[in-house]
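Data first, discussion second: the structure below is written as structure tokens.
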Amino acid sequence: MAKRGIDISAHQGNIDLSALKSQIDFVIIRVGYGTKGTIDTKFTRNADLCRSLGIPVGFYWYSYALDQNGARDEANAMIKAIAPYKDIVKYGVWFDMEDADGYKKKNGMPSNQMLRDMCHEFCATVENAGYYSGIYASESWFKNQLN
């Protein structure tokens with residue numbers, strides 16, 4: 001059975017989830033980004049709203065990591081931030097590996113092997129905290145960087 005979901009972050013502003021509720025089955029919410037643990041400015045609002053509307057969620061972290069230590073730092077920041085929402089996580093916790101803004105490219109793109117190692121580190125850390133985890137990326141990123 002197909003499910004319909006949306007991916008939201010501060011980029012969408014104060015999205016009206018109550019108006020969308022009848023059109024979607026779940027929401028994937030950006031928790032934050034970067035190795036310093038920057039939290040998305042709409043994360044708490046979006047997670048609280050999904051909880052109050054009964055919309056199941058998944059969470060993702062946009063990665064700026066360049067090595068395994070950075071990936072672990074990002075995973076730990078994610079785990080800490082989503083702890084109050086463990087009850088509504090039904091669609092996993094995701095590591096967004098895309099380089100949409102070119103940060104990795106500008107700062108020394110890690111080798112494909114390092115990118116895979118970073119994915120493993122993030123997912124293992126998140127799964128050890130009791131969540132289902134996976135990689136969130138485009139098809140071309142999977143084929144060309146994570147092959």
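Values reported hereafter were calculated over all heavy atoms of this structure, with side chains retained and with hydrogens, waters and symmetry mates removed.
By the 4.5 Å heavy-atom criterion applied to side chains, Glu121 and Asp117 are not counted as neighbours. Side-chain contact between Asp67 and Pro110 is absent, with no heavy-atom pair separated by less than 4.5 Å. Counting only heavy atoms from C-beta outward, the side chains of Trp141 and Leu115 approach each other to under 4.5 Å. Side-chain contact between Val57 and Ile28 is absent, with no heavy atoms from C-beta onward closer than 4.5 Å. Between Ile79 and Thr125, some side-chain heavy-atom pair lies under the 4.5 Å cut-off. With contacts defined as side-chain heavy-atom distances shorter than 4.5 Å, the pair Pro56/Ile88 does not qualify. Contact of the Val93 side chain with the Met78 side chain is registered, since non-hydrogen atoms from C-beta on lie closer than 4.5 Å.
For Gln12 (side chain) and Ser9 (main-chain N/O), a donor-acceptor pair under 3.5 Å exists by modelled atom type. Looking at Asn144, its side chain does come within 3.5 Å of a backbone N or O of Ser140 through a donor-acceptor pair. Using modelled atom types, no side-chain atom of Asp96 and backbone atom of Ala137 make a donor-acceptor pair closer than 3.5 Å. Panel note: side chain Asn112, backbone Leu146; no donor-acceptor pair is recorded below 3.5 Å. Asp25 places a side-chain N or O within 3.5 Å of a backbone atom of Arg4 that can act as its donor or acceptor partner.
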Checking side chain to side chain contact (heavy atoms under 4.5 Å, CB included) for the pair Ile82/Val31: CA distance, chi angles, key distance, verdict?
CA-CA 8 Å; Ile82 67 175; Val31 174; 3.6 Å; yes
Side chain to side chain contact (heavy atoms under 4.5 Å, CB included), that's the test. Do His11 and Lys42 meet it? Break it down for me. CA-CA 9 Å; His11 296 291; Lys42 298 295 180 186; over 6 Å; no
| Run the side chain to side chain contact (heavy atoms under 4.5 Å, CB included) check on Ile15 and Arg45 step by step: do they pass? | CA-CA 10 Å; Ile15 192 164; Arg45 177 219 180 256; 4.2 Å; yes
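Between the CE atom in Met114 and the CE atom in Met109 there is a gap of 13.0 Å [rounded to 0.5 Å]. Note that CG of Leu20 and CD1 of Ile55 are 8.0 Å apart. Values are rounded to the nearest 0.5 Å. Annotation: the span from Ile6 atom CD1 to Gln23 atom CD amounts to 9.0 Å, rounded to 0.5 Å. Rounded to the nearest 0.5 Å, atoms CD1 (Ile135) and CD (Glu98) are 11.5 Å apart. Atom OG in Ser133 sits 10.5 Å away from atom CG in Asn128 (nearest 0.5 Å). Considering CD1 of Ile29 and CH2 of Trp61, their distance stands at 13.5 Å, rounded to 0.5 Å.
Side-chain contact annotation: Asp101 with Tyr64, donor-acceptor N/O pair under 3.5 Å present. Between the side chains of Ser63 and Glu74, at least one donor N or O sits under 3.5 Å from an acceptor N or O.
Both the sub-6.0 Å distance and the 45° axial angle are not jointly satisfied by Lys3 relative to the ring of Phe26.
In terms of heavy atoms, Ala71 sits closest to Ala65 at N-CB, 3.4 Å. Nearest heavy-atom pair across Leu66 and Gly108 is CD2-O, 4.2 Å. The two residues Ala83 and Tyr131 make their nearest non-hydrogen contact at CA-OH, 4.0 Å. Nearest heavy-atom pair across Met118 and Met97 is CE-CE, 4.1 Å.
Within 6.0 Å of CD in Glu139 there are 12 or fewer heavy atoms belonging to other residues, nucleotides or ligands. A 6.0 Å sphere centred on NZ of Lys86 holds more than 12 heavy atoms belonging to other residues, nucleotides or ligands.
One finds a salt bridge joining Arg51 and Asp87 here, because a Lys/Arg side-chain nitrogen approaches an Asp/Glu carboxylate oxygen to under 4.0 Å. We find that Asp40 and Arg30 are joined by a salt bridge, their nearest charged nitrogen and carboxylate oxygen being less than 4.0 Å apart.
Between Phe95 and Phe122, a ring centre-to-centre spacing shorter than 6.0 Å is recorded. Taking the centre of each ring, Tyr85 and Phe43 come in below the 6.0 Å mark. Between Tyr132 and Tyr91, the ring center distance fails the sub-6.0 Å criterion.
Ring pair Tyr60/Tyr136 is tilted by interplanar angle, where 30° to 60° counts as tilted.
The cluster map of Ile, Leu, Val, Met, Phe, Trp and Tyr, joined by side-chain heavy atoms under 4.5 Å apart, puts Ile39 and Tyr62 in different clusters.
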